[in-house]
There are 2 protein chains.
Amino acid sequence: MTIRDQQREKVVALLAAHLLETGLTRISLRQLAEAAQVSDRMLLYYFPDKASVLASALERAAGQLATRLEELVPEGTCLKPAVLMSRLAALTTQEDLRPVMRMWVEVVAAARREEPFKTIAAGILEGFRQWLMPRLDLPDDERRDATTLAILAFVDGLALIDICAGGDAATRAADVAGLLFCK
Amino acid sequence: MTIRDQQREKVVALLAAHLLETGLTRISLRQLAEAAQVSDRMLLYYFPDKASVLASALERAAGQLATRLEELVPEGTCLKPAVLMSRLAALTTQEDLRPVMRMWVEVVAAARREEPFKTIAAGILEGFRQWLMPRLDLPDDERRDATTLAILAFVDGLALIDICAGGDAATRAADVAGLLFCK
DNA sequence: GATGCCGTGTAGCGGTCGCTACAGAATCGC
DNA sequence: GCGATTCTGTAGCGACCGCTACACGGCATC
């Protein structure tokens with residue numbers, strides 16, 4: 001492990017925390033460098049360009065969510081849509097995961113317009129889709145695919161509500177999820 | 001109506017169309033001016049600053065959605081959550097309204113970090129909430145509030161799916177909405 | 001001790017950003 | 001016709017952007 005690799009590791013960890021805290025606001029190279037406690041010159045020594053810096057840091061940050069999801073619904077579990085939906089809604093509106101979800105909304109919005117976010121967002125969504133689908137207790141494949149997408153839509157939509165109307169509103173919406181959906 | 005007012009009107013119309021087409025990508029003053037077929041100098045003559053330009057144009061663009069919603073569910077209508085939800089989902093995933101929804105996602109994401117988007121987004125969401133609530137056939141006020149937010153979350157989430165996974169995926173998710181929710 | 005890669009700081013390139021100073025053109029009331 | 005007000009083009013300010021050229025010290029190898 002060279003010094004360069006160690007620094008990359010440290011930088012990625014610091015930047016993931018920075019992005020979760022500030023979102024995609026302060027993401028100029030100079031601002032990222034400050035957050036990572038290195039010079040901007042060195043950031044571009046550790047990484048080929050800004051896109052790579054961001055991709056690494058975002059990937060790291062998104063990992064937090066994946067870990068928590070796996071804890072909540074371990075592999076092999078298979079649940080009815082209503083149950084899975086309300087569990088996921090409850091998890092993602094928890095205080096400590098809200099920054100991840102808010103960041104996710106920003107990444108998707110950025111994905112509409114520019115690389116590297118397009119690739120990053122598509123990859124992350126596809127990952128969650130693959131994770132969710134086998135945990136969904138539905139016989140029909142086509143129906144399971146559509147329901148997976150619908151659950152993801154609802155959960156992601158809660159993050160939008162969170163940003164616009166505050167965490168309380170998102171929590172209230174998450175709470176009715178269980179009642180709203182067919183058992 | 002002074003020349004200035006006429007120009008303002010023309011500029012707002014052109015910019016609303018521009019923003020729906022390109023999203024929030026090309027929104028530097030010089031790029032907005034080009035889309036509005038005036039010089040950047042004049043843009044800041046018609047409006048006090050960039051924030052006002054954007055606010056006016058975004059408001060105009062969002063108006064399209066409001067009009068279509070009113071046509072779909074006129075005042076006085078009162079529907080069960082499942083019906084309202086699937087109608088709104090079907091409407092907002094229609095080809096011609098997707099640009100509005102995609103833009104909405106971008107506005108919310110920007111709202112996390114900067115004015116004027118914060119104010120604009122909060123205002124627009126509150127508007128839709130006020131619109132939706134009385135059209136929801138639920139006796140309990142608290143429950144109606146939460147369900148309103150949940151419906152908005154789902155519909156907005158569909159826009160996120162649209163951006164990440166394409167319109168087809170969003171449409172499929174919208175289609176199962178009717179089946180997924182309690183009658 | 002010469003050679004050469006690794007790590008780092010300084011300084012700055014060419015560009016875009018939001019915004020403005022200034023002067024000239026057009027249009028108005030009189 | 002004339003002064004005043006309204007409109008518009010030019011040109012540029014200072015700040016920030018992503019990125020890079022270049023020089024330099026340290027370390028390893030031979």
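Proteins get letters first, then strands, A, B, ... in listed order; numbering begins at 1 in each.
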Quiz prompt | Under 4.0 Å protein heavy-atom contact, by nucleotide of nucleotides 11-16 of chain D - B base, S sugar-phosphate only | solution = -B----

Quiz item: For Asp49(B), what residues pass the salt bridge (charged side-chain N to carboxylate O under 4.0 Å, His left out) criterion, not counting sequence neighbours?
Solution: none

Quiz prompt | Separation of dT6(D) P from Tyr45(B) OH (nearest whole Å) | solution = 7 Å

Practice problem: Could you tell me the separation between the CD atom of Glu34(A) and the C1' atom of dC17(D), rounded to a whole number of Å? | Solution: 16 Å

Quiz item: Taking atom types as modelled, is there a side-chain donor on Thr171(A) or Arg98(A) under 3.5 Å from an acceptor on the other?
Solution: yes

Quiz prompt | Rounded interatomic separation in angstrom, taking CD from Glu114(B) and C1' from dC17(C) | solution = 13 Å

Output side-chain donor-acceptor pairs under 3.5 Å for residues 145-162 of chain B, partner residues at least two apart or in another chain, one line each.
from, atom 1, to, atom 2, distance (Å)
Asp145(B), OD1, Arg129(B), NH2, 3.1
Asp145(B), OD2, Arg172(A), NH1, 2.4
Thr147(B), OG1, Arg143(B), O, 2.6
Thr148(B), OG1, Arg144(B), O, 2.7
Asp156(B), OD1, Trp104(B), NE1, 3.2
Asp156(B), OD2, Trp104(B), NE1, 3.2
Asp162(B), OD1, Gly167(B), N, 3.2
Asp162(B), OD2, Arg102(B), NH1, 3.2

Practice problem: In whole angstrom, give the distance that lies between atom CZ of Arg8(A) and atom P of dT8(C). | Solution: 14 Å

Let me have the donor-acceptor pairs involving side chains of residues 13-22 of chain A, under 3.5 Å, with sequence neighbours excluded, atom names and distances please.
from, atom 1, to, atom 2, distance (Å)
His18(A), NE2, Arg26(A), O, 3.2
Thr22(A), OG1, His18(A), O, 3.0

Quiz item: Distance check: side-chain N/O of Ser39(A) vs OP1/OP2 of dT8(C), anything under 4.0 Å?
Solution: no

Quiz prompt | Between C1' of dC7(D) and CG of Leu43(B), the distance in whole Å | solution = 15 Å

Quiz item: Honestly curious: do Trp131(B) and Met133(B) fall in one hydrophobic cluster under the side-chain, below-4.5 Å linking rule?
Solution: no

Quiz item: In terms of side-chain heavy atoms of Leu44(B), which of dT20(C), dG7(C), dC7(D) is nearest?
Solution: dT20(C)

Exercise. Could you check how far CD1 of Ile27(A) sits from C1' of dC17(D), rounded to whole Å?
Key: 12 Å

Quiz item: Among residues 10-26 of chain A, which residues get a heavy atom nearer than 4.0 Å to DNA chain C?
Solution: none

Quiz prompt | Closest approach of Met101(A) to Thr92(A) (non-hydrogen atoms, all atoms of both residues) | solution = CG-O, 3.6 Å

Practice problem: Using the ring pair (Phe, Tyr, Trp, His ring centres under 6.0 Å) rule, collect all pairs that involve residues 64-98 of chain A, keeping only residues at least two apart or in two chains. | Solution: none

Quiz prompt | Val108(A) and Leu125(A): CA distance, side-chain angles, deciding distance, side chain to side chain contact (heavy atoms under 4.5 Å, CB included) verdict | solution = CA-CA 9 Å; Val108(A) 174; Leu125(A) 185 77; over 6 Å; no

Self-check item: Between dG18(C) (C1') and Lys50(B) (NZ): distance, integer Å
Solution: 7 Å

Quiz item: Tell me: CE of Met42(B) to C1' of dC19(C), nearest whole Å?
Solution: 15 Å

Self-check item: Distance in Å, Leu136(B) CG paired with Thr77(B) OG1, rounded so as to fall on 0.5 Å steps
Solution: 12.0 Å

Quiz item: Given that Tyr46(A) and Asp49(B) both sit by DNA chain C, which one's nearest nucleotide is further toward the 5' end?
Solution: Tyr46(A)

